[in-house]
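A short worksheet on the structure shown next.
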Amino acid sequence: MALELLSPAGSPESLRAAVQNGAGAVYLGWGDFNARRNAKNFSDEEFSEALQYCHVRGVRVFLTLNTLLTDRELPHAVETARQAARLGIDSILVQDWGLFDVLRKAFPDLPLHASTQMSVFTSGGACEVANDGCERVVIARECSAEDTAAICENCPAEIEIFGHGALCMCYSGQCEMSALIGQRSGNRGRCAQPCRLPYGVNGPAKGGYPLSLKDSCLARNIVEMEEMGVACLKLEGRMKRPEYVAVISRIYARLLAEHRQPTMAEWNELEQAFSRSGFTDWYWLGKHGAGMFGTRPENAPDPKELFAEAKALYEKDDLRTVPVTFRCTIMASQPATLTVSDEDGHLVTVSGSVPETARNRSITAEEVEMRLNKTGGTAFRCVSVSAAVEEGLSLPASAINALRRDALSALETARCAVPERRELPLPELPDTDHSVSTPEFTVSVTSAAQLNAVLPFSPARMDVPLELLAAFQALPQYSGIWCAILPRVWRDKNEPELRSMLEKVSKLGVTGVLIGNIGHLSLVRDFPFTIYGDYGLNVFNSHAMDYLQQKGLSSACVSFELRFAQIRDLQKVIPAEAIVYGRLPLMITENCLVENACGCRPDGPNYLSDRTGAQFPLLCSYGHRTEVQNSKPLWLADKPEWKRLGLAYARLRFTTESPSQCAQVYQAYLDGATAMGDFTRGLYERGVE
């Protein structure tokens, strides 16, 4: 299967630029629910016209419905998908588990693609969504060639990768920095890009940009992708101008068609179109470090000549035409007929006027063929034409032209025909409701000292990192549930080690696992663990809870982007949990921020500081990754609203606290005390855009 080139279409003009420059497919936003809501996107009329424009030219169109949705928004998103399917959309990209579950059941013939916002980076995760009906999986940008090859080999679905464009510092779908700092959620298409601002590591922000990655460019790795079985190469850039889309689409289309690396001239054009101090392919190479980072100078000039040339070419609208073959028959006493066919197997025949007996000059086959060749102003070009014309007949040029127009119009209709797709009843939520009047406390810790400090309070469940539990020789005395927190990010090659640790902690007496990624399921199914869902699953609506219940989870931690009222109104299909105390996680990064910076303390404490002086603690995560924590802890002890949401569990999340602070916080929550020091209410009251 040839590697498909998927180009961004943030506007109708960008769509035309992509199509005219060789894109095999485009992805676009229509409606309110896509991860680039600040792009121009498409009106209803423009969306319908875009489908027609692309399908006539053999280009597929993918709709992005890849944001998290509340219960109130979900029906509208489903209706958007329904209308798109009826208009002939080729696939829909989704992030939200609830929308995914509804669409796969209600529209079983509609292809679904797992957005990179689902945070899939292992074979297990890719297979999980593939087995649930995903035709294609867009894996994390951080995946190396080794990781990608393993997923391609093991997953039955098509694998798509981001090959060019902006890199987020955080794993897609796991970033909360924009939401918590600026109330603009990256999970809901409103990211304010705080990662592009200056920060300091273990010191003040003095013009450094430790979160600003260079753009990715994998133009030199295309042959390798093809050999490992990657199905689609995706270009990022729905917020970029049409000329940019034209330039990068043209170059990548050429490279794919010719199975080669870019020339120096092509590389220079890619850099001129847009770059941040050059490009990086280090993630693909399995490398990390400060060399991946860069910024774009303020007021960097656009390449006027390059963009002007690109615009002039795509505006002619004749770079992308469909080759067709004509066969015309003109016989006495019979309507003239014209058959047109394309390379995709479409064939249509139309009839026209009945020829008359010639009075002066008879029409010839050469004349008919000449007129049929004139397909200018259409999406077609004639590559072969034949005419069988009986002698002594006359047929005006206008009749032949009309025959050609009718035939091409009929071919357009055939090429744009909407496939038959079933529409089944929307799945209903089960009658079960696990709402609880008074939630029980659960506790998560990052150290053994914190663990020992809170054990005397006997929380209902004790969440401890798997790596920490695996280092124990025996578990302390405790009457509640021991639960292992699985690493948020890992790779296929880490799974033997993780399974070994799971086996060990199971023998120690651990009975639960806390999973924050869909790929965790394949890791834990062979063990007798009770499975609890963590915040990384981004539970935003009741159908998402139902989906996770179907996957075997016993509870789910709801997203901390939801407001109190939205959590209250969720149907608790399975027991629900919410974080009520702690530094909320802002990012999980493949690059180790501490290692990248000079003069850092390898054993901590380490922090990131912004221009206001706020300090964001940096925690070491499995695989030498970094988890950025919020500068202020969430405090709700004195806000009784969290007790009235129907939650089964309320989590106290301890990260940077000392053992004595952990005990003080726990007691404060038992007492309903006011906050100790600076704090935040999170997003539970103010919500996000």
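- The closest side-chain heavy-atom distance from E176 to M587 is not below 4.5 Å.
- Legend: residues meeting side chain to side chain donor-acceptor pair (under 3.5 Å) with R241, ordered by chain and number and at least two apart, are E243, D302.
- If you take CZ on R583 and CD on E627, they are separated by 12.5 Å, rounding to the nearest 0.5 Å.
- N517 is linked by a side chain to side chain donor-acceptor pair (under 3.5 Å) to nothing, counting only residues two or more places apart in sequence or in another chain.
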Mind listing the side-chain donor-acceptor pairs of residues 286-295 below 3.5 Å, one per line with the distance, residues two or more places apart or on another chain?
unit_1 : atom_1 : unit_2 : atom_2 : d
H288   : NE2    : E590   : OE2    : 3.1

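- Not counting sequence neighbours, the partners of D281 by the side chain to side chain contact (heavy atoms under 4.5 Å, CB included) test are L218, N221, L285.
- Of the possible donor and acceptor atoms, none in the side chain of N66 sits under 3.5 Å from a partner among the backbone N and O of Q117.
- Remark: D215 pairs with R276 by the salt bridge (charged side-chain N to carboxylate O under 4.0 Å, His left out) rule, at least two apart or across chains.
- Residues satisfying the salt bridge (charged side-chain N to carboxylate O under 4.0 Å, His left out) test with R82, not counting sequence neighbours, are E79, E423.
- Taking the side chain to side chain contact (heavy atoms under 4.5 Å, CB included) definition, one finds that E271 meets it with W267, N268, S275, F279, sequence neighbours left out.
- Annotation: side chain to side chain donor-acceptor pair (under 3.5 Å) contacts of N494 (sequence neighbours excluded): none.
- With sequence neighbours left out, the ring-ring contact (aromatic ring centres under 6.0 Å, His included) criterion links Y532 to no other residue.
- Applying the salt bridge (charged side-chain N to carboxylate O under 4.0 Å, His left out) test to every pair with at least one member in residues 151-170, sequence neighbours left out, gives these pairs: R136-E158, R136-E160, E160-K234.
- Results of the side-chain contact (heavy atoms from CB on, under 4.5 Å) test with D96 over L68, V102, L103, T67 single out L68 as the only residue that passes.
- Annotation: side chain to side chain donor-acceptor pair (under 3.5 Å) contacts of Q261 (sequence neighbours excluded): none.
- Applying the salt bridge (charged side-chain N to carboxylate O under 4.0 Å, His left out) test to every pair with at least one member in residues 533-547, sequence neighbours left out, gives these pairs: D534-R651.
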